[in-house]
Peer 1: 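My questions all concern the structure below.
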Number of protein chains: 2
Amino acid sequence: MSALNQTVAGPPGTDRRALRRAAKIAVIVHEAWALSRAEGLAGILLRDLADRVGLRQPSLYAYFDSKLALYDAMFADGNRQLIAYTSDLPSTGDPVRDLTEFVARVVRFSGDDVERHQLLFQRTIPGFEPSPESYAVAVEFLERAGALLQAAGVTRAADIDLFTALTAGLTHQQVANDPGGDRWLKQAGRVVAMFLTEVQQSPRE
Amino acid sequence: MSALNQTVAGPPGTDRRALRRAAKIAVIVHEAWALSRAEGLAGILLRDLADRVGLRQPSLYAYFDSKLALYDAMFADGNRQLIAYTSDLPSTGDPVRDLTEFVARVVRFSGDDVERHQLLFQRTIPGFEPSPESYAVAVEFLERAGALLQAAGVTRAADIDLFTALTAGLTHQQVANDPGGDRWLKQAGRVVAMFLTEVQQSPRE
DNA sequence: GTCTATACATCGATAGAC
DNA sequence: GTCTATCGATGTATAGAC
(Lines give C-alpha, C1' and ligand atoms only; values in the text may rest on other atoms or scores of the structure.)
Protein backbone atom coordinates (compact mmCIF):
# COMPACT_ATOMS: atom_id res chain seq x y z
CA MET A 1 0.00 0.00 0.00
CA SER A 2 2.32 2.70 1.26
CA ALA A 3 5.09 1.13 -0.84
CA LEU A 4 3.44 2.72 -3.84
CA ASN A 5 4.36 6.15 -2.51
CA GLN A 6 7.90 5.32 -1.56
CA THR A 7 11.12 5.24 -3.51
CA VAL A 8 13.11 2.05 -3.35
CA ALA A 9 16.02 3.21 -1.18
CA GLY A 10 14.66 6.52 0.00
CA PRO A 11 14.18 7.69 3.57
CA PRO A 12 11.41 5.99 5.52
CA GLY A 13 9.31 9.13 5.54
CA THR A 14 6.30 7.50 3.97
CA ASP A 15 6.45 4.57 6.35
CA ARG A 16 6.59 6.91 9.28
CA ARG A 17 3.64 8.80 7.93
CA ALA A 18 1.72 5.59 7.47
CA LEU A 19 2.56 4.57 11.02
CA ARG A 20 1.44 7.89 12.44
CA ARG A 21 -1.73 7.62 10.42
CA ALA A 22 -2.42 4.10 11.67
CA ALA A 23 -1.76 5.24 15.23
CA LYS A 24 -4.21 8.11 14.87
CA ILE A 25 -6.85 5.79 13.45
CA ALA A 26 -6.33 3.55 16.46
CA VAL A 27 -6.88 6.53 18.77
CA ILE A 28 -10.06 7.49 16.93
CA VAL A 29 -11.43 3.96 17.18
CA HIS A 30 -10.49 3.83 20.85
CA GLU A 31 -12.38 7.06 21.54
CA ALA A 32 -15.30 5.82 19.48
CA TRP A 33 -15.61 2.86 21.84
CA ALA A 34 -15.53 5.18 24.85
CA LEU A 35 -18.19 7.37 23.26
CA SER A 36 -20.28 4.33 22.45
CA ARG A 37 -20.19 3.17 26.04
CA ALA A 38 -21.35 6.61 27.17
CA GLU A 39 -23.98 7.38 24.54
CA GLY A 40 -24.84 4.05 23.03
CA LEU A 41 -23.58 2.53 19.81
CA ALA A 42 -26.08 4.41 17.67
CA GLY A 43 -25.47 7.54 19.74
CA ILE A 44 -22.00 8.19 18.36
CA LEU A 45 -21.86 11.66 16.84
CA LEU A 46 -18.99 12.54 14.57
CA ARG A 47 -18.76 15.99 16.15
CA ASP A 48 -18.35 14.50 19.63
CA LEU A 49 -15.85 12.00 18.34
CA ALA A 50 -13.86 14.76 16.64
CA ASP A 51 -13.83 16.75 19.91
CA ARG A 52 -12.36 13.78 21.74
CA VAL A 53 -9.44 13.47 19.34
CA GLY A 54 -8.80 17.18 18.91
CA LEU A 55 -10.16 17.50 15.40
CA ARG A 56 -13.05 19.26 13.71
CA GLN A 57 -15.82 17.04 12.50
CA PRO A 58 -15.04 17.24 8.76
CA SER A 59 -11.41 16.29 9.41
CA LEU A 60 -12.53 12.79 10.41
CA TYR A 61 -13.23 12.20 6.74
CA ALA A 62 -9.48 12.17 6.15
CA TYR A 63 -9.51 8.85 8.04
CA PHE A 64 -12.93 7.37 7.36
CA ASP A 65 -14.99 7.67 4.21
CA SER A 66 -18.23 7.56 6.14
CA LYS A 67 -19.71 6.85 9.53
CA LEU A 68 -20.37 3.26 8.47
CA ALA A 69 -16.66 2.92 7.68
CA LEU A 70 -15.99 3.90 11.29
CA TYR A 71 -18.33 1.17 12.51
CA ASP A 72 -16.53 -1.23 10.20
CA ALA A 73 -13.18 -0.36 11.75
CA MET A 74 -14.72 -0.80 15.20
CA PHE A 75 -16.12 -4.20 14.16
CA ALA A 76 -12.69 -5.41 13.08
CA ASP A 77 -11.09 -3.94 16.20
CA GLY A 78 -13.63 -5.57 18.51
CA ASN A 79 -13.06 -8.94 16.92
CA ARG A 80 -9.32 -8.52 17.31
CA GLN A 81 -9.91 -7.75 20.98
CA LEU A 82 -12.00 -10.91 21.26
CA ILE A 83 -9.26 -13.01 19.70
CA ALA A 84 -6.67 -11.51 22.02
CA TYR A 85 -8.91 -12.07 25.03
CA THR A 86 -9.40 -15.76 24.23
CA SER A 87 -6.02 -16.68 22.80
CA ASP A 88 -3.72 -16.76 25.82
CA LEU A 89 -5.47 -19.73 27.34
CA PRO A 90 -3.24 -22.60 28.49
CA SER A 91 -4.18 -25.93 27.02
CA THR A 92 -4.59 -28.30 29.97
CA GLY A 93 -5.29 -31.34 27.84
CA ASP A 94 -8.67 -31.65 29.51
CA PRO A 95 -11.18 -30.62 26.83
CA VAL A 96 -13.87 -29.88 29.43
CA ARG A 97 -11.61 -27.47 31.29
CA ASP A 98 -10.26 -25.92 28.10
CA LEU A 99 -13.70 -25.42 26.63
CA THR A 100 -15.12 -24.11 29.89
CA GLU A 101 -12.42 -21.51 30.23
CA PHE A 102 -12.94 -20.49 26.63
CA VAL A 103 -16.69 -20.08 27.06
CA ALA A 104 -16.18 -18.20 30.32
CA ARG A 105 -13.83 -15.80 28.56
CA VAL A 106 -16.33 -15.18 25.78
CA VAL A 107 -19.15 -14.53 28.25
CA ARG A 108 -17.00 -12.20 30.31
CA PHE A 109 -15.85 -10.39 27.17
CA SER A 110 -19.43 -9.66 26.18
CA GLY A 111 -20.63 -8.87 29.67
CA ASP A 112 -17.85 -6.34 30.13
CA ASP A 113 -18.91 -4.14 27.21
CA VAL A 114 -22.52 -4.11 26.12
CA GLU A 115 -22.01 -1.90 23.08
CA ARG A 116 -19.08 -3.94 21.83
CA HIS A 117 -21.24 -7.03 22.15
CA GLN A 118 -24.00 -5.28 20.22
CA LEU A 119 -21.76 -4.34 17.32
CA LEU A 120 -20.09 -7.73 17.10
CA PHE A 121 -23.06 -10.03 17.62
CA GLN A 122 -26.22 -8.11 16.84
CA ARG A 123 -27.43 -6.29 13.77
CA THR A 124 -28.37 -3.02 15.36
CA ILE A 125 -26.88 -0.31 13.14
CA PRO A 126 -29.12 0.35 10.10
CA GLY A 127 -27.18 -0.16 6.91
CA PHE A 128 -24.09 -1.58 8.56
CA GLU A 129 -22.61 -4.72 7.14
CA PRO A 130 -19.01 -5.69 7.81
CA SER A 131 -16.62 -5.39 4.90
CA PRO A 132 -14.95 -8.60 3.71
CA GLU A 133 -11.71 -7.52 5.43
CA SER A 134 -13.43 -6.95 8.76
CA TYR A 135 -15.54 -10.05 8.46
CA ALA A 136 -12.38 -12.06 7.92
CA VAL A 137 -11.31 -11.17 11.47
CA ALA A 138 -14.61 -12.51 12.78
CA VAL A 139 -14.11 -15.67 10.77
CA GLU A 140 -10.66 -16.10 12.27
CA PHE A 141 -12.19 -16.14 15.75
CA LEU A 142 -14.80 -18.66 14.68
CA GLU A 143 -12.10 -20.89 13.26
CA ARG A 144 -10.18 -20.82 16.52
CA ALA A 145 -13.33 -21.76 18.38
CA GLY A 146 -13.93 -24.55 15.88
CA ALA A 147 -10.45 -25.92 16.51
CA LEU A 148 -11.13 -26.04 20.24
CA LEU A 149 -14.37 -27.90 19.61
CA GLN A 150 -12.64 -30.38 17.35
CA ALA A 151 -10.05 -31.03 20.04
CA ALA A 152 -12.94 -31.90 22.34
CA GLY A 153 -14.31 -34.36 19.77
CA VAL A 154 -17.12 -32.14 18.55
CA THR A 155 -17.34 -32.32 14.79
CA ARG A 156 -20.97 -32.73 13.70
CA ALA A 157 -22.61 -29.59 12.31
CA ALA A 158 -25.64 -29.95 14.58
CA ASP A 159 -23.40 -30.23 17.63
CA ILE A 160 -21.49 -27.12 16.63
CA ASP A 161 -24.78 -25.27 16.14
CA LEU A 162 -25.82 -26.40 19.59
CA PHE A 163 -22.57 -25.10 21.07
CA THR A 164 -22.93 -21.70 19.43
CA ALA A 165 -26.47 -21.45 20.76
CA LEU A 166 -25.38 -22.32 24.29
CA THR A 167 -22.58 -19.79 24.24
CA ALA A 168 -24.76 -17.13 22.65
CA GLY A 169 -27.43 -17.75 25.27
CA LEU A 170 -25.04 -17.29 28.18
CA THR A 171 -23.56 -14.12 26.69
CA HIS A 172 -26.95 -12.70 25.80
CA GLN A 173 -28.41 -13.16 29.26
CA GLN A 174 -25.23 -11.92 30.89
CA VAL A 175 -25.19 -8.76 28.78
CA ALA A 176 -28.91 -8.09 29.00
CA ASN A 177 -29.62 -8.84 32.64
CA ASP A 178 -26.36 -8.67 34.57
CA PRO A 179 -23.76 -6.66 32.64
CA GLY A 180 -20.41 -6.74 34.36
CA GLY A 181 -21.61 -9.46 36.75
CA ASP A 182 -21.30 -13.23 36.79
CA ARG A 183 -24.86 -14.54 37.09
CA TRP A 184 -24.61 -16.53 33.86
CA LEU A 185 -20.84 -16.51 33.61
CA LYS A 186 -20.65 -18.86 36.59
CA GLN A 187 -22.78 -21.42 34.78
CA ALA A 188 -20.23 -21.81 31.97
CA GLY A 189 -18.78 -25.01 33.44
CA ARG A 190 -22.19 -26.53 33.95
CA VAL A 191 -23.22 -25.74 30.40
CA VAL A 192 -20.05 -27.14 28.84
CA ALA A 193 -20.28 -30.39 30.87
CA MET A 194 -23.94 -30.72 29.94
CA PHE A 195 -23.09 -30.08 26.30
CA LEU A 196 -20.27 -32.59 26.07
CA THR A 197 -22.36 -35.25 27.80
CA GLU A 198 -25.15 -34.65 25.32
CA VAL A 199 -22.78 -34.85 22.36
CA GLN A 200 -21.28 -38.12 23.58
CA GLN A 201 -24.66 -39.68 24.27
CA SER A 202 -26.37 -38.63 21.05
CA PRO A 203 -26.41 -41.38 18.40
CA ARG A 204 -23.60 -41.65 15.86
CA GLU A 205 -24.70 -41.30 12.27
CA MET B 1 -60.76 6.39 31.54
CA SER B 2 -63.37 7.24 28.98
CA ALA B 3 -66.03 6.88 31.71
CA LEU B 4 -64.87 10.23 33.02
CA ASN B 5 -66.17 11.90 29.89
CA GLN B 6 -69.49 10.12 29.80
CA THR B 7 -72.81 10.80 31.50
CA VAL B 8 -74.28 7.94 33.47
CA ALA B 9 -77.17 7.02 31.20
CA GLY B 10 -76.19 8.97 28.12
CA PRO B 11 -75.64 7.72 24.60
CA PRO B 12 -72.49 5.67 24.07
CA GLY B 13 -70.89 8.35 21.97
CA THR B 14 -67.79 8.65 24.09
CA ASP B 15 -67.26 4.93 24.19
CA ARG B 16 -67.53 4.75 20.45
CA ARG B 17 -65.02 7.51 20.15
CA ALA B 18 -62.65 5.71 22.47
CA LEU B 19 -63.11 2.52 20.49
CA ARG B 20 -62.40 4.22 17.20
CA ARG B 21 -59.36 5.84 18.74
CA ALA B 22 -58.08 2.53 20.07
CA ALA B 23 -58.68 0.94 16.68
CA LYS B 24 -56.71 3.68 14.95
CA ILE B 25 -53.86 3.30 17.42
CA ALA B 26 -53.84 -0.41 16.60
CA VAL B 27 -53.60 0.41 12.90
CA ILE B 28 -50.73 2.81 13.51
CA VAL B 29 -48.83 0.23 15.56
CA HIS B 30 -49.50 -2.39 12.89
CA GLU B 31 -48.07 -0.14 10.19
CA ALA B 32 -45.14 0.73 12.41
CA TRP B 33 -44.25 -2.96 12.52
CA ALA B 34 -44.50 -3.18 8.74
CA LEU B 35 -42.30 -0.12 8.39
CA SER B 36 -39.81 -1.54 10.87
CA ARG B 37 -39.51 -4.76 8.89
CA ALA B 38 -38.82 -2.73 5.74
CA GLU B 39 -36.48 -0.05 7.11
CA GLY B 40 -35.24 -1.44 10.39
CA LEU B 41 -36.45 -0.67 13.86
CA ALA B 42 -34.41 2.50 14.15
CA GLY B 43 -35.35 3.39 10.57
CA ILE B 44 -38.96 4.26 11.35
CA LEU B 45 -39.70 7.81 10.21
CA LEU B 46 -42.80 9.50 11.51
CA ARG B 47 -43.45 11.03 8.10
CA ASP B 48 -43.42 7.58 6.48
CA LEU B 49 -45.60 6.14 9.21
CA ALA B 50 -48.09 8.97 8.80
CA ASP B 51 -48.22 8.32 5.05
CA ARG B 52 -49.09 4.67 5.66
CA VAL B 53 -52.07 5.53 7.84
CA GLY B 54 -53.33 8.45 5.77
CA LEU B 55 -52.25 11.20 8.12
CA ARG B 56 -49.80 14.06 8.13
CA GLN B 57 -46.81 13.68 10.35
CA PRO B 58 -47.88 16.15 13.08
CA SER B 59 -51.25 14.41 13.41
CA LEU B 60 -49.52 11.37 14.89
CA TYR B 61 -48.97 13.43 18.00
CA ALA B 62 -52.70 13.19 18.66
CA TYR B 63 -52.05 9.50 19.40
CA PHE B 64 -48.48 9.36 20.71
CA ASP B 65 -46.69 11.94 22.81
CA SER B 66 -43.36 11.08 21.22
CA LYS B 67 -41.58 8.56 19.06
CA LEU B 68 -40.46 6.69 22.16
CA ALA B 69 -44.13 6.40 23.16
CA LEU B 70 -44.71 4.68 19.83
CA TYR B 71 -41.91 2.22 20.57
CA ASP B 72 -43.47 1.67 23.97
CA ALA B 73 -46.81 0.79 22.39
CA MET B 74 -45.01 -1.55 19.99
CA PHE B 75 -43.18 -3.17 22.91
CA ALA B 76 -46.45 -3.90 24.70
CA ASP B 77 -48.07 -5.07 21.45
CA GLY B 78 -45.18 -7.39 20.64
CA ASN B 79 -45.33 -8.97 24.07
CA ARG B 80 -49.08 -9.46 23.69
CA GLN B 81 -48.37 -11.18 20.37
CA LEU B 82 -45.83 -13.40 22.10
CA ILE B 83 -48.31 -14.36 24.81
CA ALA B 84 -50.96 -15.14 22.21
CA TYR B 85 -48.49 -17.17 20.17
CA THR B 86 -47.49 -19.33 23.17
CA SER B 87 -50.80 -19.58 25.02
CA ASP B 88 -52.90 -21.92 22.91
CA LEU B 89 -50.66 -24.87 23.59
CA PRO B 90 -52.40 -28.07 24.70
CA SER B 91 -51.09 -29.46 27.96
CA THR B 92 -50.18 -33.07 27.23
CA GLY B 93 -49.17 -33.84 30.80
CA ASP B 94 -45.70 -34.66 29.56
CA PRO B 95 -43.50 -31.80 30.78
CA VAL B 96 -40.81 -32.55 28.19
CA ARG B 97 -43.29 -32.29 25.34
CA ASP B 98 -45.01 -29.24 26.81
CA LEU B 99 -41.77 -27.42 27.43
CA THR B 100 -40.37 -28.38 24.03
CA GLU B 101 -43.40 -27.04 22.21
CA PHE B 102 -43.22 -23.85 24.25
CA VAL B 103 -39.54 -23.29 23.46
CA ALA B 104 -40.15 -24.09 19.80
CA ARG B 105 -42.90 -21.49 19.67
CA VAL B 106 -40.68 -18.86 21.25
CA VAL B 107 -37.86 -19.57 18.82
CA ARG B 108 -40.20 -19.49 15.85
CA PHE B 109 -41.76 -16.28 17.10
CA SER B 110 -38.40 -14.54 17.20
CA GLY B 111 -37.13 -16.04 13.98
CA ASP B 112 -40.21 -14.86 12.13
CA ASP B 113 -39.64 -11.16 12.84
CA VAL B 114 -36.14 -9.91 13.46
CA GLU B 115 -37.16 -6.37 14.35
CA ARG B 116 -39.83 -7.52 16.77
CA HIS B 117 -37.23 -9.69 18.44
CA GLN B 118 -34.87 -6.72 18.62
CA LEU B 119 -37.39 -4.46 20.31
CA LEU B 120 -38.55 -7.12 22.79
CA PHE B 121 -35.26 -8.72 23.73
CA GLN B 122 -32.47 -6.29 22.91
CA ARG B 123 -31.74 -2.74 24.00
CA THR B 124 -31.18 -1.23 20.59
CA ILE B 125 -33.19 2.01 20.58
CA PRO B 126 -31.26 4.81 22.33
CA GLY B 127 -33.29 6.19 25.20
CA PHE B 128 -36.05 3.61 25.02
CA GLU B 129 -37.13 1.97 28.23
CA PRO B 130 -40.51 0.30 28.53
CA SER B 131 -43.07 2.06 30.68
CA PRO B 132 -44.30 0.17 33.75
CA GLU B 133 -47.55 -0.63 31.95
CA SER B 134 -45.77 -2.10 28.93
CA TYR B 135 -43.24 -3.91 31.07
CA ALA B 136 -46.10 -5.53 32.95
CA VAL B 137 -47.05 -7.33 29.73
CA ALA B 138 -43.53 -8.69 29.43
CA VAL B 139 -43.67 -9.81 33.06
CA GLU B 140 -46.92 -11.62 32.37
CA PHE B 141 -45.19 -13.68 29.69
CA LEU B 142 -42.31 -14.48 32.00
CA GLU B 143 -44.75 -15.62 34.68
CA ARG B 144 -46.46 -17.96 32.25
CA ALA B 145 -43.10 -19.42 31.29
CA GLY B 146 -42.27 -19.77 34.97
CA ALA B 147 -45.47 -21.71 35.58
CA LEU B 148 -44.57 -24.12 32.80
CA LEU B 149 -41.15 -24.64 34.31
CA GLN B 150 -42.60 -25.28 37.74
CA ALA B 151 -44.93 -27.87 36.25
CA ALA B 152 -41.83 -29.59 34.93
CA GLY B 153 -40.27 -29.58 38.38
CA VAL B 154 -37.87 -26.72 37.72
CA THR B 155 -37.84 -24.35 40.69
CA ARG B 156 -34.24 -23.44 41.58
CA ALA B 157 -33.16 -19.96 40.52
CA ALA B 158 -29.99 -21.25 38.87
CA ASP B 159 -32.01 -23.77 36.85
CA ILE B 160 -34.40 -21.06 35.70
CA ASP B 161 -31.43 -18.91 34.68
CA LEU B 162 -30.05 -21.84 32.76
CA PHE B 163 -33.36 -22.30 30.96
CA THR B 164 -33.58 -18.64 29.98
CA ALA B 165 -30.04 -18.81 28.63
CA LEU B 166 -30.80 -21.92 26.56
CA THR B 167 -33.94 -20.39 25.10
CA ALA B 168 -32.25 -17.06 24.47
CA GLY B 169 -29.39 -18.85 22.72
CA LEU B 170 -31.65 -20.73 20.36
CA THR B 171 -33.65 -17.61 19.50
CA HIS B 172 -30.54 -15.49 19.07
CA GLN B 173 -28.85 -17.87 16.67
CA GLN B 174 -32.10 -18.46 14.79
CA VAL B 175 -32.68 -14.74 14.36
CA ALA B 176 -29.10 -13.86 13.57
CA ASN B 177 -28.09 -16.69 11.24
CA ASP B 178 -31.24 -18.28 9.85
CA PRO B 179 -34.21 -15.89 10.15
CA GLY B 180 -37.42 -17.56 9.06
CA GLY B 181 -35.71 -20.96 8.97
CA ASP B 182 -35.47 -23.87 11.39
CA ARG B 183 -31.76 -24.52 11.82
CA TRP B 184 -31.88 -23.94 15.59
CA LEU B 185 -35.63 -24.30 15.96
CA LYS B 186 -35.31 -28.02 15.24
CA GLN B 187 -32.94 -28.44 18.17
CA ALA B 188 -35.55 -27.28 20.68
CA GLY B 189 -36.46 -30.83 21.71
CA ARG B 190 -32.84 -31.82 22.15
CA VAL B 191 -32.12 -28.76 24.27
CA VAL B 192 -35.14 -29.26 26.52
CA ALA B 193 -34.35 -32.95 27.08
CA MET B 194 -30.73 -32.08 27.82
CA PHE B 195 -31.84 -29.34 30.20
CA LEU B 196 -34.30 -31.48 32.17
CA THR B 197 -31.76 -34.30 32.45
CA GLU B 198 -29.21 -31.84 33.81
CA VAL B 199 -31.69 -30.40 36.31
CA GLN B 200 -32.62 -33.84 37.60
CA GLN B 201 -29.01 -34.97 37.91
CA SER B 202 -27.67 -31.86 39.60
CA PRO B 203 -27.40 -32.19 43.37
CA ARG B 204 -30.29 -31.16 45.63
CA GLU B 205 -29.49 -28.39 48.04
C1' DG C 1 -58.61 15.52 15.23
C1' DT C 2 -56.58 17.01 11.32
C1' DC C 3 -54.53 20.25 8.71
C1' DT C 4 -50.70 23.83 6.98
C1' DA C 5 -46.74 25.98 8.16
C1' DT C 6 -42.78 26.18 10.48
C1' DA C 7 -39.64 26.30 14.29
C1' DC C 8 -35.69 24.21 16.00
C1' DA C 9 -32.06 21.19 16.33
C1' DT C 10 -29.69 17.98 14.62
C1' DC C 11 -26.93 15.12 11.49
C1' DG C 12 -23.59 13.34 7.89
C1' DA C 13 -21.15 14.87 4.17
C1' DT C 14 -18.93 18.14 0.65
C1' DA C 15 -16.37 22.35 -1.27
C1' DG C 16 -12.52 24.85 -1.32
C1' DA C 17 -8.84 27.67 1.02
C1' DC C 18 -4.52 27.09 3.46
C1' DG D 1 -4.44 16.96 6.63
C1' DT D 2 -6.89 20.35 8.71
C1' DC D 3 -9.62 24.10 8.69
C1' DT D 4 -14.08 27.25 7.90
C1' DA D 5 -18.32 27.43 5.92
C1' DT D 6 -22.19 25.41 4.46
C1' DC D 7 -25.23 22.25 2.07
C1' DG D 8 -28.98 19.09 1.94
C1' DA D 9 -31.58 16.01 4.31
C1' DT D 10 -33.87 14.51 8.07
C1' DG D 11 -36.37 14.47 12.35
C1' DT D 12 -39.04 15.79 16.28
C1' DA D 13 -42.16 18.81 17.93
C1' DT D 14 -45.23 23.04 18.27
C1' DA D 15 -48.54 26.95 16.84
C1' DG D 16 -52.68 28.08 15.32
C1' DA D 17 -56.55 27.79 11.84
C1' DC D 18 -60.46 24.93 10.60
Side-chain angles (χ1 to χ4, degrees), chain A residues 1-2 4-6 13-29 31-32 35-36 38-74 119 124-129 131, chain B residues 1-2 4-6 13-29 31-32 35-36 38-74 124-129:
Chain A
M1 296 213 174
S2 61
L4 291 173
N5 300 331
Q6 196 185 0
T14 302
D15 272 356
R16 278 196 176 170
R17 208 166 291 167
L19 280 179
R20 282 205 60 82
R21 179 182 171 83
K24 190 142 193 178
I25 287 179
V27 169
I28 295 173
V29 169
E31 292 300 323
L35 200 52
S36 137
E39 308 292 335
L41 197 57
I44 295 178
L45 307 186
L46 295 189
R47 280 176 172 83
D48 294 349
L49 180 57
D51 281 348
R52 280 178 178 261
V53 296
L55 288 177
R56 302 291 184 160
Q57 173 255 328
S59 302
L60 286 175
Y61 284 82
Y63 300 97
F64 298 99
D65 290 340
S66 68
K67 193 181 184 180
L68 288 181
L70 170 67
Y71 284 123
D72 193 56
M74 294 172 72
L119 182 61
T124 175
I125 301 293
F128 170 66
E129 200 168 354
S131 65
Chain B
M1 296 210 166
S2 62
L4 291 174
N5 301 331
Q6 198 184 358
T14 303
D15 272 359
R16 277 197 176 167
R17 209 166 289 162
L19 280 178
R20 281 204 62 79
R21 181 182 169 82
K24 191 141 193 179
I25 287 179
V27 168
I28 295 173
V29 169
E31 291 301 323
L35 200 51
S36 136
E39 307 293 336
L41 197 56
I44 295 179
L45 308 186
L46 295 189
R47 281 178 173 86
D48 294 350
L49 179 57
D51 281 348
R52 279 178 179 261
V53 297
L55 288 177
R56 300 294 183 154
Q57 172 259 327
S59 304
L60 287 176
Y61 283 81
Y63 300 98
F64 298 99
D65 289 341
S66 70
K67 194 180 185 182
L68 288 182
L70 170 68
Y71 284 122
D72 193 56
M74 293 172 72
T124 175
I125 303 293
F128 170 65
E129 198 167 355

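Here is the naming used below: chain letters follow the sequence lines, and residue numbers restart at 1 for every chain.
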Peer 1: Is there side-chain contact between L49(A) and L55(A), with heavy atoms separated by less than 4.5 Å?
Peer 2: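 No - every pair of side-chain heavy atoms lies 4.5 Å or more apart.
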Peer 1: Rounded off to whole Å, could you give me the CG-to-C1' distance for the L55(B) and dA13(D) pair?
Peer 2: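 Distance, rounded to whole Å: 16 Å.
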Peer 1: Roughly, in whole Å, what's the span from CD1 in I25(A) to C1' in dT2(D)?
Peer 2: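 Atom CD1 in I25(A) sits about 15 Å away from atom C1' in dT2(D).
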Peer 1: Reckon R56(A) has a side-chain N or O less than 4.0 Å from the OP1 or OP2 of dT4(D)?
Peer 2: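 Yes, R56(A) has a side-chain N/O under 4.0 Å of OP1/OP2 on dT4(D).
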Peer 1: Contact class for R21(A) (heavy atom, under 4.0 Å): base, sugar-phosphate, or nothing?
Peer 2: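 Sugar-phosphate contact only - R21(A) comes under 4.0 Å of backbone atoms but never of a base.
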Peer 1: Output the rounded distance in Å from CD (Q57(A)) to C1' (dG1(D)).
Peer 2: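 Going from CD in Q57(A) over to C1' in dG1(D) covers 15 Å.
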Peer 1: Pick one: which of I28(A), V29(A), I125(A) meets side chain to side chain contact (heavy atoms under 4.5 Å, CB included) with M74(A)?
Peer 2: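 When side chain to side chain contact (heavy atoms under 4.5 Å, CB included) is applied between M74(A) and each of I28(A), V29(A), I125(A), only V29(A) qualifies.
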Peer 1: With a cut-off of less than 4.0 Å, is there a side-chain N or O of K24(B) near OP1 or OP2 of dT2(C)?
Peer 2: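 Yes.
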Peer 1: Rounding to an integer number of Å, can you tell me how far L68(B) CG sits from dT12(D) P?
Peer 2: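 Distance, rounded to whole Å: 10 Å.
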Peer 1: Touch check for I44(A), heavy atoms < 4.0 angstrom, all strands: base, sugar-phosphate only, or nothing?
Peer 2: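 Sugar-phosphate, no base atom in range.
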Peer 1: Could you state the NZ-P distance from K67(A) to dT14(C), rounded to the nearest angstrom?
Peer 2: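 Value for this atom pair: 15 Å.
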Peer 1: Side-chain N or O of S59(B) less than 4.0 angstrom from OP1 or OP2 on dG1(C)?
Peer 2: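 Negative; the distance criterion is not met.
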Peer 1: Decide yes or no for Y63(A) and V53(A): does some side-chain heavy atom of the first lie under 4.5 Å from some side-chain heavy atom of the second?
Peer 2: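 SC-SC contact between Y63(A) and V53(A) ruled out.
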Peer 1: Taking CG from L45(B) and P from dT10(D), how many angstroms apart are they, rounded to a whole number?
Peer 2: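 After rounding, the reported distance stands at 8 Å.
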Peer 1: Is the side chain of K67(B) donor-acceptor paired with the backbone N or O of L45(B) at a distance under 3.5 Å, no angle test?
Peer 2: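 Side chain of K67(B) to backbone of L45(B): no pair is present.
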Peer 1: How long is the line joining CG of L46(A) and C1' of dT10(D), in whole Å?
Peer 2: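 In whole Å, dT10(D) C1' and L46(A) CG are 15 Å from each other.
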Peer 1: Closest nucleotide of DNA chain D for A62(A) versus for D65(B): which of these residues is on the 5' side?
Peer 2: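 Per heavy-atom nearest nucleotide, the more 5' residue is A62(A).
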Peer 1: Given dG1(D), is OP1 or OP2 found less than 4.0 Å from the side-chain N or O atoms of Y61(A)?
Peer 2: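 Checking dG1(D) against Y61(A), no side-chain N or O comes under 4.0 Å of OP1 or OP2.
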Peer 1: Determine yes or no for a side-chain-to-main-chain donor-acceptor pair under 3.5 angstrom, with Y71(B) supplying the side chain and L41(B) the backbone.
Peer 2: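 Yes, Y71(B) side chain to L41(B) backbone: donor-acceptor pair under 3.5 Å.
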Peer 1: Using atom CG of L49(B) as one end and atom C1' of dT12(D) as the other, report the distance to the nearest whole Å.
Peer 2: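 Answer to the nearest Å: 13 Å.
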